[in-house]
Number of protein chains: 2
Amino acid sequence: MVEDVHVRPGGRSARVRASVHRAVEELVGAESADTLTIPAVAARAGVHPTTVYRRWGSVSQLLADVATSRFSGDVVVPDTGSLAGDLERWMGDVATDLADPDVLALMRATIGSGPEGGCACTVDRHEQLGAIIERERARGGAAPDVERAVDLLLGPLYYRAVFSSRPASSQWARGLVASLLADRAPSL
Amino acid sequence: MVEDVHVRPGGRSARVRASVHRAVEELVGAESADTLTIPAVAARAGVHPTTVYRRWGSVSQLLADVATSRFSGDVVVPDTGSLAGDLERWMGDVATDLADPDVLALMRATIGSGPEGGCACTVDRHEQLGAIIERERARGGAAPDVERAVDLLLGPLYYRAVFSSRPASSQWARGLVASLLADRAPSL
DNA sequence: AAATTATCGCACTGATCGTTGCGTTAGGCT
DNA sequence: AGCCTAACGCAACGATCAGTGCGATAATTT
């Protein structure tokens, strides 16, 4: 237990972190996966490699940190008045995000960095989806369970993003909502 | 055009390729992604690093080759007499394959190696699914189109494999077939 | 069986990675 | 404003990666 150690996350530390994160996002989008190294990130961020080694330890840990930061944030879920409207709006936004080549590059690099890589990319999306479904329930409406919604909405969307060479359109993504809402198969 | 160059894929070349592929599969399953390097693979395979550099060039290209080889093969699709039966059997097999930690590790490494990494992992599954659907059509039955089947069957399955820390059960995977066959939403 | 030459291994070299000790800078507390 | 010390940078070093020229092995053809 190191509760008497006082970290200093302000000022220079915060600037270092921001520039390192930006450097990672720029490098994964611009170059081959093989070239993402700590010295390359440090050079691009304008900091010393030792600083990056000491702070993050390895490319895997750095990518997990960047992905967690990039793929999360304040939950801004739409409120159109209906579950279908909310989900369609949200799916369109997620699809637009996943159509960005730089976002996809960061995601691939993070997945490749280890077993927890994929989770780091989607944890926030699960929370957002849960919030949408919770709101519909609060409105008194019937809503599928979150797990089923993740499977039938995020499943096909992220599959196309990672496993195919053609990104999904927002229109196609919104169309998945109809499948989910029509889904009557037992959820195992 | 190098049509007068005669490659020699037999004997020692074939043995080198097999041992390098096996080394890659063993290493991605046992160690961190950062440690998959050409010298490490060569040492494990019992060949010289130069051989691997000259044959495959980079870790990315090596992974693509290994994944394409590992995730493809003769299409053995089940024939239970009904589309539901065929799909349930096939989905159970795919889920069992994806529950293997070593398979998942190879898949993550291949995804992380570049934009075509994901495709290398699933191209054969698409062909198998197409064959199942084509057979149902040949039987005179109605079948969903392949794209929709990929979205609603492989989408959730591969999503869980890559983006969650809990692997899908064969039973759950088979349950997706009911969703697909009940799907009446317009396919965009 | 012999010839041709693709493929592999060895030795070597330059480049890069990854870590450590220690001094400098500056965040946060009093 | 001053103090304490976390965080950063620098220099150095050992380890490893990545690539090349050339000889050895062996796949394939004749």
Side-chain angles (χ1 to χ4, degrees), chain A residues 1-24 26-28 30-66 69 109-110 112-114, chain B residues 1-24 26-28 30-66 69 109-110 112-114:
Chain A
M1 163 101 71
V2 255
E3 64 183 4
D4 53 346
V5 160
H6 302 289
V7 300
R8 300 176 180 175
R12 185 179 62 173
S13 280
R15 287 194 300 277
V16 162
R17 182 170 193 270
S19 63
V20 165
H21 276 214
R22 189 179 318 121
V24 168
E26 287 166 4
L27 287 172
V28 298
E31 302 180 20
S32 151
D34 301 55
T35 60
L36 189 71
T37 64
I38 297 276
V41 169
R44 185 61 175 260
V47 303
H48 204 274
T50 298
T51 297
V52 185
Y53 279 111
R54 286 200 168 125
R55 192 90 162 253
W56 285 276
S58 67
V59 172
S60 301
Q61 288 168 315
L62 178 55
L63 278 167
D65 190 36
V66 174
S69 174
T110 309
S113 70
Chain B
M1 161 102 71
V2 256
E3 63 185 4
D4 53 345
V5 162
H6 301 290
V7 300
R8 299 176 181 177
R12 185 179 63 175
S13 279
R15 286 194 302 278
V16 162
R17 183 171 192 270
S19 63
V20 165
H21 276 214
R22 188 179 318 119
V24 168
E26 286 166 5
L27 286 173
V28 298
E31 301 182 20
S32 152
D34 303 54
T35 61
L36 190 70
T37 64
I38 298 273
V41 169
R44 185 62 175 259
V47 304
H48 205 273
T50 298
T51 297
V52 185
Y53 278 114
R54 288 209 168 116
R55 194 88 160 251
W56 285 276
S58 69
V59 171
S60 301
Q61 289 168 315
L62 177 55
L63 278 167
D65 190 35
V66 173
S69 173
T110 309
S113 70

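Proteins come first, then strands; the chains are lettered A, B, ... in the order of their sequence lines, and each starts at number 1. Note: hydrogens, waters and symmetry copies are ignored here, and every other heavy atom, side chains too, is used.
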Indicate yes or no: at least one non-hydrogen side-chain atom of A/H21 is less than 4.5 angstrom from one of A/D65.
yes

Does C/dC8 have OP1 or OP2 sitting under 4.0 Å from an N or O in the side chain of B/S13?
yes

Min side-chain heavy-atom separation A/V41-A/W56 under 4.5 Å:
no

Tell me the interatomic distance from A/I38, atom CD1, to D/dC8, atom C1', rounded to whole angstroms.
15 Å

A/S19 and side chain to side chain contact (heavy atoms under 4.5 Å, CB included): which single residue from A/R22, A/R15, A/R17 fits?
A/R22

How is B/T37 classified with respect to the nucleic acid when contacts are heavy atoms under 4.0 Å: base, sugar-phosphate, or nothing?
sugar-phosphate

Heavy atoms under 4.0 Å, any strand shown: does B/P49 hit a base, just sugar-phosphate, or nothing?
nothing

5' precedence on DNA chain D between B/G10 and B/H48 (nearest-nucleotide basis):
B/H48

Given atom CH2 of B/W56 and atom P of D/dA18, what is their separation to the nearest angstrom?
16 Å

Distance, rounded to the nearest Å, where B/R15 contributes CZ and D/dA27 contributes C1'
10 Å

Would you say the side chain of A/R12 and the base of D/dA7 hold a donor-acceptor pair, judged only by whether the two atoms sit under 3.5 Å apart?
yes

So does B/R55 reach the base of C/dT7 with its side chain, donor to acceptor, closer than 3.5 Å?
no

Under 4.0 Å between a side-chain N/O of B/Y53 and OP1 or OP2 of D/dA18, yes or no?
yes

Nearest-Å distance, CZ (B/R8) to C1' (C/dT5)?
4 Å

dist A/L27:CG -> A/L36:CG (nearest 0.5 Å) comes out at 6.0 Å

Result for 5'-nearest mapping on DNA chain D, choosing between A/V52 and B/A40, is A/V52

Looking only at side-chain atoms of A/V7, point me to the closest of D/dA7, C/dG9, D/dC17.
D/dA7

Can you give me the closest heavy-atom contact between A/I38 and A/S58, atom names plus distance?
CD1-C, 4.0 Å

To the nearest angstrom, how far is B/L36 atom CG from D/dT16 atom C1'?
15 Å

Strictly below 4.0 Å: does A/T50 bring a side-chain N or O up to OP1 or OP2 of D/dG9?
no

Just checking A/R54: base, sugar-phosphate only, or nothing, at a heavy-atom cut-off of under 4.0 Å?
base

